[in-house]
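Below is one structure, written out as structure tokens; the observations come after it.
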Amino acid sequence: MNLFTDIHAVVLAALGQMQAEGALPEGLDFANVTVEPPRDPLHGDMATNAAMVLAKAAKAKPRDIAEKLVEKLAADDRITSAEVAGPGFINLRLAPAVWQGLVAAVLNGGTKFGRSNLGAGKKVNVEYVSANPTGPLHVGHTRGAVFGDALASLLDFAGYDVTREYYINDGGAQVDVLARSVYLRYLEAHGQEVAFEDGTYPGEYLIEVGANLRDKVGDAYVDQPEEVWLTEVREFATEAMMDLIREDLKMLGVEMDVFYSEKSLYGTGRIEGAIQDLTDKGLIYRGTLEPPKGKLPEDWEPREQTLFKSTDYGDDVDRPIKKSDGAWTYFAPDIAYHYDKVQRGFDLLIDVFGADHGGYVKRMKAAVSALSGGKVPVDIKLCQLVKLFKNGEPFKMSKRAGTFIMLRDVVEQVGPDVTRFVMLTRKNDAPLDFDFDKVLEQSKDNPVFYVQYAHARVASVLRKAAEAGITADDATLLAADHTKLDHEAELNLLKKIAEWPRLVEIAARTNEPHRIAFYLYELASDLHGLWNRGNENTSLRFIQDDDSATSQAKIALARSTAVVIAAGLGILGVTPAEELR
RNA sequence: GCACCCAUAGCUCAGCUGGAUAGAGCGCUGCCCUCCGAAGGCAGAGGCCUCAGGUUCGAAUCCUGAUGGGUGCGCCA
């Protein structure tokens with residue numbers, strides 16, 4: 001139930017009627033006609049721009065169209081007033097009964113209220129995290145993980161068929177480095193002195209992996225050449241790292257549907273197949289790239305390479321898919337991977353990358369566009385950096401100094417709910433400050449707490465109602481007389497609830513889950529406001545002494561608010577609190 | 001040098017793909033608990049939406065350019 005689409009339909013019907021009566025010419029494009037909440041609530045409940053948008057094509061003055069449209073709209077019994085304002089806006093006011101009807105809609109729908117079929121069941125693949133399997137996840141990954149996960153949930157809520165996917169980069173040189181590092185820890189576990197030189201991972205998390213390897217194979221690999229052990233150790237180490245990463249994700253509450261291995265693309269002809277597809281389209285050639293302008297790398301020399309003609313699809317330069325030794329570059333398996341996603345029948349692909357992959361966006365879009373014949377859109381969301389603070393002081397991360405903050409450090413300190421919510425209170429393409437002290441603060445300065453508090457307050461009302469002997473289960477609340485909710489403050493809260501289904505669609509269309517977080521803050525604010533007005537005006541308190549019928553109507557409103565908050569938090573992956581401590 | 005992202009109140013940020021007098025939190029000045037949780041609420045002060053052009057009924061929003069900041073730029077993924 002989305003009141004805005006309902007009224008939008010009313011407006012379109014009225015416009016159609018005007019055409020039938022000759023008041024408007026045929027063949028007008030209504031696509032830009034919107035119905036939205038006016039910026040200033042004093043103007044009314046909803047506003048439409050219909051008259052202004054159509055004026056030019058209809059060769060009429062906006063206000064003239066508006067005057068006629070207003071007459072039609074006023075005939076609808078949901079609309080109590082329709083008036084022309086400013087340059088040709090039409091401001092509408094809706095009958096209280098329309099707003100009051102929301103309570104039943106919310107209580108009937110539960111946390112499914114606001115679900116949309118915007119996605120119409122289209123298959124969408126959301127790829128996120130995809131961190132290299134060389135160590136536990138750190139803070140940078142955390143933002144991508146939270147963002148991708150919330151986006152996936154949002155799209156699901158908006159009616160898409162969502163697959164959550166993790167691409168394991170286990171095919172490149174970095175896993176050989178990992179294997180060698182684990183091998184050193186393995187030797188160490190056998191009592192040898194080892195040195196970690198450049199090009200190895202000195203992280204302490206590998207000590208245990210080395211010891212486990214020793215327990216598994218004994219001294220079979222000790223003092224053996226690399227050919228003997230590299231493949232097995234690599235396998236063993238990547239498995240161990242993926243176990244670590246899976247644990248990290250679990251701590252955050254992230255569950256993937258698919259873990260897709262890069263390595264599985266090799267030796268199966270799938271990379272060759274994808275490249276062949278591009279070759280058939282005339283997009284693969286041998287050539288030499290121009291050196292980048294400006295600061296030239298010291299060892300630059302022109303080289304002939306196998307290139308993908310990504311410039312045909314808007315990229316700045318063509319991109320190499322093979323190294324000079326004939327091996328694939330990282331780009332080639334990535335092309336094959338996306339080719340595979342296209343072939344699995346997804347209607348839409350979304351990649352969530354870190355900001356450091358910004359330069360990768362154009363070539364990936366080019367590749368998908370070429371591979372799918374432009375049929376499968378790919379949206380690439382970049383998550384900007386997370387800056388950590390402690391006591392207001394920037395917290396520098398350094399691998400060398402051991403102050404590299406891991407995902408588990410953050411989650412252990414502040415919990416998954418806070419971590420998730422805070423990471424979603426900024427749009428993905430803006431950098432994020434994360435202050436350990438501030439996020440744990442319990443005040444309105446902290447949005448997580450503020451929203452949780454609103455939810456907990458409603459739970460508190462329900463407990464108080466039980467103490468006062470008022471029945472307040474959802475069935476009873478649903479049957480209550482909601483027309484008693486006629487105070488302006490109560491109607492305002494209902495109007496905010498009415499925006500929820502609309503907001504879900506906007507957030508889903510733009511792939512911006514942070515909008516959910518901001519909406520929840522506003523909704524919580526309205527509830528807190530109503531609550532406090534009960535201080536001065538006792539008739540606004542949810543529990544009315546000696547009047548259980550009125551109480552039930554008011555509690556139904558509180559409960560509806562809590563349901564929407566719970567639904568929103570559900571999308572963000574945050575558990576709604578029944579009680580705060 | 002080139003590409004992408006960002007620029008809105010003193011600070012941290014929203015702004016519903018072009019709408020009316022640009023919003024919130026913090027901070028600042030006041031006020032509200034015999035009351036369902038004051039862990040809250042209300043009010044006030046605070047703005048040339050970085051700058052300059054353009055598009056149109058209408059621009060913080062779209063386009064061009066400039067300035068400042070971030071990220072990246074052929075055998076690392």
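Lettering follows sequence order; numbering is per chain, from 1.
With C1' as the reference atom, B:G25 and B:U64 are 36 Å apart, rounded to whole Å.
Not one side-chain nitrogen or oxygen of A:Lys438 sits closer than 4.0 Å to the OP1 or OP2 atom of B:G25. Applying the 4.0 Å criterion to OP1 and OP2 of B:G74, one finds that A:Lys323 has every side-chain N and O outside that range. Of the side-chain N and O atoms in A:Arg303, none sit less than 4.0 angstrom from OP1 or OP2 of B:G74. Contact check, A:Lys427 against B:C13: no side-chain N or O comes under 4.0 Å of OP1 or OP2. Not one side-chain nitrogen or oxygen of A:Arg509 sits closer than 4.0 Å to the OP1 or OP2 atom of B:C16. Taking side-chain N and O atoms only, A:Tyr337 has no distance below 4.0 Å to OP1 or OP2 of B:A77. Here A:His514 reaches the OP1 or OP2 of B:G15: one of its side-chain N or O atoms lies under 4.0 Å away. For A:Lys362 and B:A3, the shortest distance from a side-chain N or O to OP1 or OP2 is not below 4.0 Å. The side chain of A:Trp531 places an N or O atom within less than 4.0 Å of a non-bridging phosphate oxygen (OP1 or OP2) of B:A38.
For the pair A:Lys323 and A:Trp328, the NZ or CZ position fails the cation-pi test of under 6.0 Å to the six-membered ring centre and within 45 degrees of the ring normal.
Listed by first then second residue, pairs satisfying salt bridge (charged side-chain N to carboxylate O under 4.0 Å, His left out) with a partner in residues 34-51 of chain A read A:Glu36-A:Arg502, A:Asp45-A:Lys495, not counting sequence neighbours.
A:Asp351 has its side chain within reach of A:Lys341: a pair of non-hydrogen atoms, C-beta onward, lies under 4.5 Å apart.
The base of B:G72 is not paired with the side chain of A:Asp356 by any donor and acceptor separated by under 3.5 Å. With hydrogens and angles left out, the side chain of A:Asn91 and the base of B:A20 share a donor-acceptor pair within 3.5 Å.
Note on A:Gly172: only backbone sugar-phosphate atoms sit closer than 4.0 angstrom, heavy atoms only; bases stay farther off. Counting any heavy atom pair closer than 4.0 Å across all strands shown, A:Tyr521 reaches sugar-phosphate atoms only and no base atom. Contact annotation for A:Arg533: no contact, since no heavy-atom pair falls under 4.0 Å across all strands. A:Tyr450 comes within 4.0 angstrom of sugar-phosphate atoms only, judged by non-hydrogen atoms across all strands, and of no base. If you check every strand for non-hydrogen atoms under 4.0 Å, A:Ala47 touches a base. Counting any heavy atom pair closer than 4.0 Å across all strands shown, A:Pro62 reaches no nucleic acid atom.
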Pairs under 3.5 angstrom, nitrogen or oxygen only, protein versus nucleotides 46-49 of chain B, please.
none

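Taking every side-chain heavy atom of A:Ala85 into account, B:A20 is the closest of B:C5, B:A20, B:G74. Distances were taken from every side-chain heavy atom of A:Glu262 (C-beta onward) to each of B:A77, B:G74, B:G41; the shortest belongs to B:A77. Of the candidates B:C36, B:G74, B:A14, B:A14 carries the atom nearest the A:Ala430 side chain, counting heavy atoms from C-beta on.
For an aromatic pair to be called close, the ring centres must be under 6.0 Å apart, and A:Phe147 with A:Tyr128 fails this.
Across the interface with RNA chain B, nearest-nucleotide mapping of A:Leu42 and A:Glu578 shows A:Leu42 to be the residue nearer the 5′ end. Each of A:Pro333 and A:Ala524 lies near RNA chain B, and the nucleotide nearest A:Ala524 is the one positioned closer to the 5' end.
Of all nucleotides present, only B:C2 satisfies the Watson-Crick or G-U wobble test against B:G72, with each distance under 3.5 Å.
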